[in-house]
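Just so you know, these numbers come straight off a predicted model, no measurement behind them.
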Amino acid sequence: AGLVDSNGNALVPKTWEEFHDFAKKMTIKDANGKVIQQGAVIQWNDDMHGTVLGALQAARGNIYGSDDISINFDNPEFRNILKVWKEGVADGSFSTETFADTDAGRNDYKAGKVAMLIESSGRWVEGGNALGFDKVSVCGIPGDGGSCGYVNGVFLPKASKNTAIALQFIKEGMLGEYSQVNTLNQYGKIPVITAYFDKADRPEWANIKHAMDYATTYPAYNDSGKFQDQLRIIIQEGLVNGTVADTVAKLEAMIASLNK
């Protein structure tokens with residue numbers, strides 16, 4: 001599509017408008033109008049909250065309103081994101097496959113049928129393992145404010161006779177250099193310790209270092225399950241049928257109703 005610099009390296013979209021433009025240029029259809037290469041697939045299903053909060057943080061540098069507790073959707077930056085998403089859905093450059101199949105973009109990306117995929121950053125390693133690392137790369141979400149991530153916890157039953165051994169395993173095994181570095185390089189799972197991230201064997205990981213340095217995490221609401229479910233319903237409906245204003249109003253009302 002000509003979206004490369006003078007050295008042949010892929011250009012990186014800096015704004016959502018550029019991202020949409022790139023997606024249009026990289027959407028390829030056959031003679032019958034069937035899409036054979038999708039310009040972009042965005043995770044709009046089970047991990048919708050990661051997509052939305054990551055985009056919001058990247059655009060604004062903050063996901064919260066004035067109370068520093070409630071997620072704020074009523075702002076110009078998020079309204080613009082919704083506007084561009086709706087435009088991409090309307091012209092077909094943004095696929096809606098993930099509405100029904102959470103792994104649609106992930107699988108098509110690894111099959112070489114998707115040009116750009118907005119999902120967890122580890123997907124590019126999956127793509128590299130399938131297609132060759134000369135065919136893939138990773139970059140931050142449009143915007144300069146960071147991203148949004150999560151960590152997985154480990155629960156140890158207090159009644160266990162082996163709690164001390166389990167804790168030792170976590171510290172020495174799971175959080176040790178071998179596990180942390182190898183899960184990054186083989187599976188794209190980002191370490192929880194910065195020093196191990198710096199030992200990545202793929203220089204492209206440096207492309208998201210800024211986003212990581214300014215990232216936040218998901219809010220620990222009591223109603224986290226309700227938030228995730230309602231967010232998915234409201235955004236999916238809004239991308240296809242609703243207006244930006246109506247979608248934002250529904251999101252704000254949903255946030256206000258949560259037990260935080």
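Note that CD1 of I28 is 4.0 Å distant from CD of Q37, once rounded to the nearest 0.5 Å. Atoms CG and CG, from L53 and L231 in turn, are 7.0 Å apart once rounded to the nearest 0.5 Å. Remark: L56 CG to T51 OG1 distance equals 12.0 Å, nearest 0.5 Å. For the atom pair NZ (K189) and CD (Q180), the distance works out to 13.0 Å, reported to the nearest 0.5 Å. To the nearest 0.5 Å, atoms OG1 (T247) and NZ (K83) are separated by 14.0 Å. I63 contributes atom CD1, which lies 5.0 Å from atom CD1 of I71 (distance to the nearest 0.5 angstrom).
Using a 4.0 Å cut-off between charged side-chain N and carboxylate O, K199 and E177 make a salt bridge. Ionic pairing of R106 and E126 is present here: one or more N-O contacts between side-chain nitrogen and carboxylate oxygen are shorter than 4.0 angstrom. At a threshold of 4.0 Å, the pair K25-D21 counts as salt-bridged, since one of the basic side-chain nitrogens sits closer than that to a carboxylate oxygen.
Between L11 and E18 there is no side-chain heavy-atom pair separated by less than 4.5 Å. Proximity of F94 to H20: side-chain heavy atoms (C-beta onward) are separated by under 4.5 Å at one or more points. The shortest distance between side-chain heavy atoms of W44 and V52 does not fall below 4.5 Å. Side-chain atoms of S147 and I208, non-hydrogen and from C-beta on, never get closer than 4.5 Å to each other. The closest side-chain heavy-atom distance from L156 to I170 is below 4.5 Å. Side-chain contact between D47 and Y150 is absent, with no heavy atoms from C-beta onward closer than 4.5 Å. Contact annotation: the side chain of I235 approaches that of L82 to within less than 4.5 Å [non-hydrogen atoms, C-beta and beyond]. Residues N45 and Q43 are in side-chain contact: their nearest non-hydrogen atoms beyond the backbone lie under 4.5 Å apart.
Listed here is the closest heavy atom pair of D30 and N32: OD1-N, 2.9 Å. Heavy atoms only, all atoms of each residue included: L184 and A200 are closest at CD2-CB, 3.4 Å. Scanning all heavy atoms of the two residues, the minimum distance from D198 to K209 falls at OD1-CE, 4.0 Å. Scanning all heavy atoms of the two residues, the minimum distance from S224 to P219 falls at OG-O, 3.8 Å. W16 approaches A55 most closely through the heavy-atom pair CZ2-CB, 3.9 Å. Across every non-hydrogen atom of D223 and N259, the tightest pair is OD2-N, 2.7 Å.
In this structure, the side chain of Q57 does not engage the main chain of A215 through any donor-acceptor pair within 3.5 Å. One N or O on the side chain of T98 and one on the backbone of I42 form a donor-acceptor pair closer than 3.5 Å. Judged purely by atom type and a 3.5 angstrom limit, N107 uses its side chain to pair as donor or acceptor with the backbone of D103. Using a distance-only test at 3.5 Å, with no hydrogens or angles considered, no donor-acceptor pair links the side chain of D101 to the main chain of E97. The backbone N or O of W124 lies less than 3.5 Å from no partner atom in the side chain of E119, so there is not a single donor-acceptor pair. The closest donor-acceptor contact from the side chain of N129 to the backbone of Q186 lies under 3.5 Å. Checked by atom type and distance alone, the side chain of T163 pairs as donor or acceptor with a backbone atom of S160 at under 3.5 Å.
Under the 4.5 Å side-chain heavy-atom criterion for ILVMFWY residues, a single connected hydrophobic cluster contains both L131 and L117. When hydrophobic clusters are built by joining Ile, Leu, Val, Met, Phe, Trp and Tyr residues whose side-chain heavy atoms come closer than 4.5 Å, directly or via intermediates, V89 is not grouped with V41. Both V138 and F197 are part of a single hydrophobic cluster, where members link through side-chain heavy atoms under 4.5 Å apart. Under the 4.5 Å side-chain heavy-atom criterion for Ile, Leu, Val, Met, Phe, Trp and Tyr, I81 and F99 are members of the same hydrophobic cluster. Linking ILVMFWY residues whenever their side-chain heavy atoms come closer than 4.5 Å, directly or via other members, leaves M212 and Y187 in distinct clusters.
In this structure, H210 and Y214 have tilted ring planes: the angle between them lies in the 30° to 60° band. Note on ring orientation: taking the six-membered ring where Trp is involved, the planes of F78 and F73 are tilted (angle from 30° to 60°).
For the pair R123 and Y109, the NZ or CZ position fails the cation-pi test of under 6.0 Å to the six-membered ring centre and within 45 degrees of the ring normal.
Exactly one of N72, D67, D68 qualifies for a side-chain hydrogen bond (donor to acceptor under 3.5 Å, both in side chains) with S70. That residue is D67.
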side-chain contact (heavy atoms from CB on, under 4.5 Å) between D74 and R79: does it pass, once the steps are laid out?
CA-CA 7 Å; D74 190 5; R79 288 175 182 271; 2.7 Å; yes

Test M174 against V154 for side-chain contact (heavy atoms from CB on, under 4.5 Å), laying out the working first.
CA-CA 10 Å; M174 294 179 66; V154 178; 4.0 Å; yes

Yes or no on side-chain contact (heavy atoms from CB on, under 4.5 Å) for T183 and Y196, after CA distance, side-chain angles and deciding distance?
CA-CA 10 Å; T183 51; Y196 296 150; over 6 Å; no

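Counted within 6.0 Å of CZ on F133, heavy atoms from surrounding residues, nucleotides or ligands total more than 12; the atom is thus considered enclosed. More than 12 heavy atoms of other shown residues, nucleotides or ligands fall within 6.0 angstrom of atom OH in Y221. Other residues, nucleotides and ligands place more than 12 heavy atoms under 6.0 Å from the NZ atom of K260. Within a 6.0 Å radius of NZ in K86, other residues, nucleotides and ligands contribute more than 12 heavy atoms.
With sequence neighbours left out, T217 forms a side-chain hydrogen bond (donor to acceptor under 3.5 Å, both in side chains) with no residue at all.
S93 and D91 share a donor-acceptor pair across their side chains, judged by distance under 3.5 Å alone.
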